[in-house]
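Note that the structure is a prediction, hence the values are computed from the model and not measured. Residue numbers start from 1 in every chain, and the chains themselves are labelled A, B, ... in the order their sequence lines are given, proteins ahead of strands. Note that these values count all heavy atoms, side chains included, but never hydrogens, waters or copies made by symmetry.
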Amino acid sequence: MEPLDVELEDGELELPNDPMQVLMGPAHPAMHGTIRIALELSGETIRKADVQIGYLHRGFEKMCERGTWTQCFPYVDRLNYASPLLNNVGFALAVEKMLSVTVPERCQHYRVALGELARICDHLVCLGAMAMELGAFTPFLYYVKARELIWDVFEEETGARVTHSFGRVGGMALPPTPFFKEMVRSAVPAVLALVDDGEKLLLKNRIFLDRIENVGVMGKDMALALGWTGVVLRATGVPYDVRKSHPYMTYDRYEFEVPVGTRGDCYDRFMCRAEEMRQSARIIEQALDMMADDGPVSIEDPRIVLPAKDEVYSTIEGTIQHFKIVMEGIQVPAGECYSYTEAGNGELGFYIVSDGSGTPYRVRIRPPCFASTQGLERMIVGAMLPDVVPTFGSINMIGGECDH
Amino acid sequence: MGSVSAVTSMSDNSAPDLERSQLVLEGSQQGFATTRFEDLLNWARKYSLFQYPFVTACCAMEFMALAGPRFDMARFGAEAPRFSPRQSDLLWVVGTISQRQAPVLKTVYDQMADPKYVIAFGTCASSGGFYDNYTTLPGIDKIIPVDVFVPGCPPRPETVIDGLLLLQDKITRGDRSVGIVKPRVDPVQLRNPVQLRRKA
Amino acid sequence: MSKQVLDRIAQVFGAAILETHSAFGDDTAVVEPSHWLEIARFLRDDPASSMDHFIDLTAVDYPQRSGTRFDVVLHLRSSERLHRVRLKARIGARCANPAADANPAADVAEAALPKIDSLTSVWVGANWFERECFDMFGIAFIGHPDLRRILMYEQFVGYPLRKDYPAAKTQPLLEYRQADNEKLPPFDEHEGMSFGRKTHADRQPGRNLLGFEED
């Protein structure tokens, strides 16, 4: 047998250093949102990257042109499926802007409370998935457990766990249940306790910290030019939150802070999300305190809001009104408007064009994570291959929204 | 049947005991059992489904819940996700498959080793759902065979667990026909449907 | 607030600003497509407007409109002054190419695409938004570094968000398999009821399938 410790010349020991092509995704365990990244590697360093999206393009905008305005809600739900209620509210506000109507105050607080619960869910999903992709499965279980607590409230309120389709133009589908406040007040502290537990598991873990600190760094100016909004932008140090900068609904009446990062790396994005959950809890508490226990949740305009069911069955006016709204849709005046809200990932904009009929002429969604994912290439070029995973995890790319 | 007679001789011949004893395999009192090889294999397969989650869209949220503590899919022997198709024998197709994604799904399916099972998780995977448009594949059975369809948009975890149990049941029986998870209670049969409208 | 921005560009560019309006509180300027890039650069660099935050770029198709067919719509924001503005340009001469109307294939051809300047040199973020616009509407952005499809696949023919593209027309990449998928009989006795195989035949009068009393 040949001896193993033969003398080798140095040249023979060197690894081949040709650039290597690696395709990550679209079916890759760490690419949770069906994305494909074509990488050119030199060793483990990324030389070039081409981020390819579109694997979940479902024709949202085309589908919206086929039904009435109200029929868009189920599609809107499935854009950012981690926080459907925020999308519902965003779209409802856009159509209400064109109709020049404002929903009653009780409904605004209700929307805020549900929306902020959805925001907590969104951040839980993002942090849980990010931790899981970095190999920390246990915190993911904590976050999923916390999310179930919120989903219990949603299920009680809306009847669905994930896709609620609960928003309506001019109000909500149903008024809050009598025990809504009680449920939320008992669920939120339990959720925050679980968030704390999950964080303790992560933020004392050297491996986790080493993988996210100073990884995926993005500068302020570049982030703005890329069109970043939301948590990813705030992590770079720009204090832009639609809820503060351009308050909509009753957000100007709540006290809350906007967490801002300093370096714009994955760690900052992680911490901003974690802190935002606590701020959302503060908002929820105030919204519940301000929300009246009775009063209308929908505006009283027979051209926009469906009549009560017993009216539909017992009066001819109710039947006609119901028929007209369901069959012809809400008549939105011709024109165009851009309405924007703070969704889980950032500024969720709806640019809608109406030709005056009951069917949208064009519904354009401005998905926040489309812009964030665009910046992924800049963050990973020059980094190491394993850095792709936390960077991608921290921008919370949601396929339904990013790919429309 | 031999197994029954072997056991009945040890019991009091009472009817409930007899029913229970049919589950006991022949000779198990002596520490060994005989069965058909095929059945044993299916029994083993059924409780060690190594899954490949092909997760694309909204249903992923429910899939996470299913893996989470409350619904805990691990109870049914389907705990270990394998992110390599070559090591897995159950393909979960979770979410909408677009025309662009279809070749990827087909490749993943082709790479799996036999015997392989497919569960279509949710309406979009089953039929395209309400995305009846230029970009969505109208059901994954257009490109790969499916064992169990789980309807729902997204399906509740209970429905999915029903689907998993249905698949295990089919594996036991060696049945490769198409199955659909049906509601436990047919809503039409309920005389008083749930009152949805709340008092303002 | 951003009304001042509109006044300012109207003052500087004069005739290149075709119209301005502020419907629903959104300040809008419709501009001459030939000045698209110039005005965008001015809006970013002028200290009074300083539109450094790129928000959105999209298009709207008006096949019935006489003259031009597409609106390219740009939304901008200033992170410093917190104001917003919308720019629109009307492009794509409707009847410039009569052959295109008769022959849909010619409409798709590269040369027939409506064109406008790319804004990628002003905001890098315009890159993907312009690619999306190209993909969905077939608008060619002159000077774009990497103009290819982004949401659809390369083999796709046509531009799905144009009003004349049929919503349900698919272009599958894979041939569909021939499955003998006849409709399944509802509630077959082996299907669905995983626990104990309860079927509707087992149902007792006055009780539902789970065995609870119906009220």
Report summary line: If you tally heavy-atom pairs under 4.5 Å between each of B:Val148, B:Ile144, B:Leu137 and chain C, the highest tally belongs to B:Ile144
Can you find a heavy atom in the side chain of [X] that is under 4.5 Å from one in the side chain of [Y]?
X: B:Thr135; Y: C:Phe156; value: no
X: B:Tyr134; Y: C:Pro166; value: no
X: B:Pro145; Y: C:Arg177; value: yes

Report summary line: Correct closest heavy-atom pair for C:Leu173 and B:Arg100 would be CD1-CA, 4.1 Å
Query raised in the report: Looking at B:Asn133 and C:Thr170, what are the two nearest heavy atoms and their distance?
Result: O-CG2, 3.3 Å
Requested in this report: Let me know if B:Thr136 has heavy atoms under 4.5 Å from chain C in its side chain, its backbone, both or neither.
Outcome: backbone
**Report entry** Under 4.5 Å from a heavy atom of chain C, the part of B:Leu164 involved
**Finding:** neither
[X] [atom1]: over 12 foreign heavy atoms closer than 6.0 Å:
X: C:Glu154; atom1: CD; result: yes
X: B:Tyr47; atom1: OH; result: no
X: B:Arg36; atom1: CZ; result: no
X: B:Arg86; atom1: CZ; result: no

